[in-house]
Asker: 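Dropping a structure here in structure tokens format, bear with me for questions.
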Amino acid sequence: MISKKMEDAFNDQITAEFYSAHLYLSMSAYLESIDLPGCAHWMRIQYQEEVSHASKMFDYLIERDGRAIIKGLDAPQVEWKSILDIFKATFEHEQNVTGLINNLVDLALAEKDHASNIFLQWFVNEQVEEESTVKGIIQQLKLLGDSKAGLFQMDREMRQRVFTPPPAST
Ligand code: FEO
């Protein structure tokens with residue numbers, strides 16, 4: 001059975017993952033409002049990914065005979081200055097999430113909870129991938145500058161993103 005300390009920490013992270021989901025859904029709505037449907041679609045997939053992260057932790061808690069607690073969420077931001085502003089905010093947000101995941105790993109090690117440590121390694125790798133992907137998008141946006149044709153093309157490419165559910169177990 002999982003320790004109370006570890007259970008509480010996972011429940012906090014489930015809340016953080018659901019908050020991320022709401023933030024990205026809010027970003028998707030903003031991107032629709034500035035006529036970038038491909039980028040809005042990309043952000044909608046990001047939303048789905050965050051829900052799947054929360055679900056993965058929820059399932060893990062149950063598997064370890066823990067108790068998942070669903071909590072309320074703060075309202076996410078609704079307006080941004082530009083598409084570049086959105087992806088910079090996304091990068092910063094993912095860096096914060098990486099810090100939270102690292103703290104969870106630290107706690108698992110301190111608690112000698114090897115199962116949680118192994119489970120969390122998927123999230124450690126996921127964070128590397130998420131930060132790298134978003135950094136690439138920021139670089140692309142900076143290269144485009146004020147090119148409307150370039151942004152139109154990029155928006156079409158962003159529409160290609162598909163949701164891949166994470167593996168069900170550890
Ligand atoms: Fe759940 Fe974007 O990390």
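Numbers for residues simply follow the sequence, beginning at 1. Since this is a predicted model, take the numbers as computed values, not measurements. All ligand and atom numbering here is 1-based and tracks the order in the structure.
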Asker: Over all heavy atoms of both residues, which pair between Tyr30 and Ser82 is shortest? Give the atoms and the distance, please.
Answerer: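 In terms of heavy atoms, the two residues are closest at OH-N, 3.5 Å.
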Asker: Looking at CG of Leu25 and CE of Met43, how far apart are the two atoms once the value is rounded to the nearest 0.5 Å?
Answerer: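 Between Leu25 CG and Met43 CE, I get 11.0 Å after rounding to 0.5 Å.
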Asker: Restricting to N, O or S atoms, which atom of Glu130 is closest to atom 2 (Fe) of ligand 1?
Answerer: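 It is OE1 of Glu130.
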Asker: What angle, in degrees and rounded to 10°, do you get at atom 1 (Fe) of ligand 1 when you join it to ND1 of His53 and to OE1 of Glu50?
Answerer: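 Reported to 10°, the angle equals 90°.
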Asker: Tell me if the centroids of the rings in Tyr60 and Trp122 come within less than 6.0 Å of each other.
Answerer: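 No, too far apart.
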Asker: Write the atom name of the N, O or S atom in Glu17 that is nearest atom 1 (Fe) of ligand 1.
Answerer: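 Glu17's closest N, O or S atom to atom 1 (Fe) of ligand 1 is named OE1.
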Asker: Counting backbone and side chain alike, does Glu94 bring an N/O/S atom below 2.8 Å of atom 2 (Fe) of ligand 1?
Answerer: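 Of the N, O and S atoms in Glu94, at least one lies under 2.8 Å from atom 2 (Fe) of ligand 1, which means yes.
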Asker: Taking all heavy atoms of Leu107 and all of Lys5, pick out the closest pair and write down the distance.
Answerer: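 Residues Leu107 and Lys5, closest heavy atoms: CD2-O, 3.9 Å.
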